[in-house]
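Because the structure is predicted, anything quoted here is derived from the model rather than measured. Naming: A, B, ... by sequence-line order, numbering from 1 per chain.
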Number of protein chains: 2
Amino acid sequence: MTMTEAIANLSRKEQVIRKAAELFKEKGYAAASMRDLAQLLGIEAASLYSHIKSKEEILRSLCFDMATEFRKSLEEVEKQNVSASEKLRRGIIGHIQVMAKDLTASAVFMNEHRHLSQPYLRDFLLLRINYINRFKKIIEEGVQKDEFKRTIDTKLAVMTLFSSLNWMPMWYDPSGGIIEPIELGVQLSDMLVNGLKQNPK
Amino acid sequence: MTMTEAIANLSRKEQVIRKAAELFKEKGYAAASMRDLAQLLGIEAASLYSHIKSKEEILRSLCFDMATEFRKSLEEVEKQNVSASEKLRRGIIGHIQVMAKDLTASAVFMNEHRHLSQPYLRDFLLLRINYINRFKKIIEEGVQKDEFKRTIDTKLAVMTLFSSLNWMPMWYDPSGGIIEPIELGVQLSDMLVNGLKQNPK
DNA sequence: CCTACCGATCGGTAGG
DNA sequence: CCTACCGATCGGTAGG
């Protein structure tokens, strides 16, 4: 295989994966057939297998590539020497920026990862629980430092945070152009940290 | 059909639907086969069709029954003559109580409704947007009455609220017994309304 | 990237 | 609730 062919194959494989992400998001992994995918790409179903090994390989690359991006973003934030609430704020903004770079892959990451087979599913869930726990530690740090209320349930807080973050790709439409990803992150973190209520004057 | 048979059929149909809900939650609607379901019930796949008309009929009854419960709960709250923030609080607690009554059906309602065919899917989405908009009006009322900050994005606020509420069945385990459904609603609404941050002393 | 094809499994029906 | 079965569709392979 020449260099040019390698590059061409790589980019064609990318095309297949990106189109698959759209299809998986729309119909769900199980309900999306390889024949659907082939049709979207204008080729025969059998031809897909020149580019990918299996349907699940596509799901795997989507899920694990996103997981890697999320992890890198959080590691960047953890290094910084700022207050817990600022760290939480930056973690939230980072997470939203990673999602905003590929909303389709983010939706698949969130909703379709359960169709991974073992041992990939287990590996994926371990990465995810690790990521969540690191956010939880930031919140716990905030409680200890008296930045956050001592009465909050940190598990509830972190799950609420994640629910809000992870559903974003389901309703956020950047082409609607009302609000930018960073601005969205700022508002969301402000809402979770400061709440909806009017500050006492 | 005698009365006794009618009652027996009804309860058997209920058993089929409840077991199907567990299966749909676990594997997803598309990946759950009628043969899987039959095996869980200890009968042949063909025998299922003495109780239900089709696979989708099960999904329909799960989704629309939950939708009805949510609507009734919110209507109850809307009647009450209280502040917007209290109305929001009661709406959240009501929503969580409805979910807590059947966490399995709630998870299916949330994650599998997209597999409804037309025209049911459209009807379902209309019910859902209506429900969301009624919560949004409560938040807007709170902004107008100066209970909530004028700077909040009400669409973002309501979608964040719903994301938090709707993901609850995915991680909340009442048998873990750490926190009761009502207490969960109270804490969640406090968190969204007042935020995580320590009140200024 | 295509033609030709495979075994497995799907939701569901007929008839009892 | 069962046996027997159907047409459709699935993910994927062989060979070019």
Side-chain angles (χ1 to χ4, degrees), chain A residues 1-2 4-24 26-63 108 112 114-118 120-121, chain B residues 1-2 4-24 26-63 108 112 114-118 120-121:
Chain A
M1 192 189 284
T2 68
T4 329
E5 276 169 336
I7 291 168
N9 282 344
L10 201 69
S11 90
R12 190 59 171 147
K13 184 172 180 174
E14 272 304 312
Q15 285 173 41
V16 170
I17 292 176
R18 294 185 72 85
K19 197 55 96 176
E22 292 173 29
L23 185 65
F24 293 171
E26 194 197 310
K27 306 187 79 171
Y29 178 77
S33 78
M34 295 306 270
R35 282 158 179 86
D36 291 336
L37 177 56
Q39 199 174 23
L40 287 174
L41 291 160
I43 59 176
E44 292 299 316
S47 307
L48 289 168
Y49 295 88
S50 322
H51 306 294
I52 48 103
K53 289 194 196 71
S54 68
K55 186 184 180 185
E56 201 191 316
E57 187 204 37
I58 302 176
L59 182 62
R60 276 204 298 272
S61 68
L62 287 166
C63 289
V108 172
E112 310 301 333
R114 64 168 154 177
H115 293 108
L116 289 168
S117 65
Q118 298 292 7
Y120 305 102
L121 180 58
Chain B
M1 192 188 287
T2 68
T4 330
E5 276 169 334
I7 291 168
N9 281 344
L10 201 69
S11 91
R12 190 58 170 146
K13 184 172 181 177
E14 272 304 313
Q15 285 173 41
V16 170
I17 293 175
R18 293 185 73 85
K19 196 57 93 177
E22 292 173 29
L23 185 65
F24 293 170
E26 194 198 310
K27 304 186 80 170
Y29 178 78
S33 78
M34 296 305 270
R35 281 159 180 85
D36 291 336
L37 177 56
Q39 200 174 22
L40 287 174
L41 291 160
I43 60 176
E44 293 299 316
S47 307
L48 289 168
Y49 295 89
S50 324
H51 305 294
I52 47 106
K53 289 194 195 73
S54 67
K55 185 184 181 186
E56 200 191 317
E57 188 205 35
I58 302 176
L59 183 62
R60 276 203 299 272
S61 67
L62 287 166
C63 289
V108 173
E112 310 301 333
R114 64 168 154 178
H115 293 107
L116 289 168
S117 65
Q118 298 293 7
Y120 306 101
L121 180 58

Can you name the residues that form a side chain to side chain contact (heavy atoms under 4.5 Å, CB included) with [X], not counting sequence neighbours?
{"X": "A:Ala38", "result": "A:Ile43, A:Ala45, A:Leu48"}
{"X": "B:Lys19", "result": "B:Glu22, B:Leu37, B:Leu40, B:Leu41"}
{"X": "A:Glu57", "result": "A:Lys13, A:Ile52, A:Lys53, A:Ser54, A:Arg60"}

- Item | OG on A:Ser11 to NE2 on A:His51, rounded to 0.5 Å |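 A:His51 NE2 to A:Ser11 OG: 9.5 Å, rounded to 0.5 Å.
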
- Item | Spacing of CE belonging to B:Met34 relative to OG belonging to B:Ser47, to within rounding of 0.5 Å |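 These two atoms lie 11.0 Å from each other.
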
- Task: Examine the side chains of A:Gln15 and A:Arg12 and answer whether a donor and an acceptor come within less than 3.5 Å of each other.
- Result: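 Yes, A:Arg12 and A:Gln15 have a side-chain donor paired with an acceptor closer than 3.5 Å.
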
- Mind jotting down which residue pairs meet the salt bridge (Lys or Arg N to Asp or Glu O under 4.0 Å) criterion with at least one end in residues 28-49 of chain A? Sequence neighbours excluded, please.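 Every pair satisfying salt bridge (Lys or Arg N to Asp or Glu O under 4.0 Å) with a residue in residues 28-49 of chain A: A:Lys27-A:Asp36.
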
- Taking any atom under 4.0 angstrom from a heavy atom of chain B, which nucleotides of DNA chain D are the first and last to qualify, 5' to 3'?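 First and last nucleotides in contact are D:dC1 to D:dA4.
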
- Message: Going by ring pair (Phe, Tyr, Trp, His ring centres under 6.0 Å), name the residues that satisfy it together with A:Phe24, two or more places apart in sequence or in a different chain.
- Response: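 If we apply the ring pair (Phe, Tyr, Trp, His ring centres under 6.0 Å) test to A:Phe24, skipping adjacent residues, the hits are A:Tyr29.
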
- Message: Taking Watson-Crick (N1-N3 plus N6-O4 or O6-N4) and G-U wobble (N1-O2, O6-N3), each under 3.5 Å, can you produce the dot-bracket string of DNA chain C? Use [ ] for crossing pairs and | for inter-strand ones.
- Response: ||||||||||||||||

- Among residues 32-39 of chain A, which residues get a heavy atom nearer than 4.0 Å to DNA chain D?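 Going residue by residue through residues 32-39 of chain A, the ones with a heavy atom under 4.0 Å of DNA chain D turn out to be A:Ala32, A:Ser33, A:Met34, A:Arg35.
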
- Task: Over all heavy atoms of both residues, which pair between A:Ala32 and A:Lys55 is shortest? Give the atoms and the distance, please.
- Result: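 Distance-wise, the nearest heavy atoms are O-NZ, 2.8 Å.
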
- Item | Partners passing salt bridge (Lys or Arg N to Asp or Glu O under 4.0 Å) against A:Arg114 (at least two apart in sequence or in another chain) |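 Scan of A:Arg114 (salt bridge (Lys or Arg N to Asp or Glu O under 4.0 Å), adjacent residues dropped) gives B:Glu112.
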
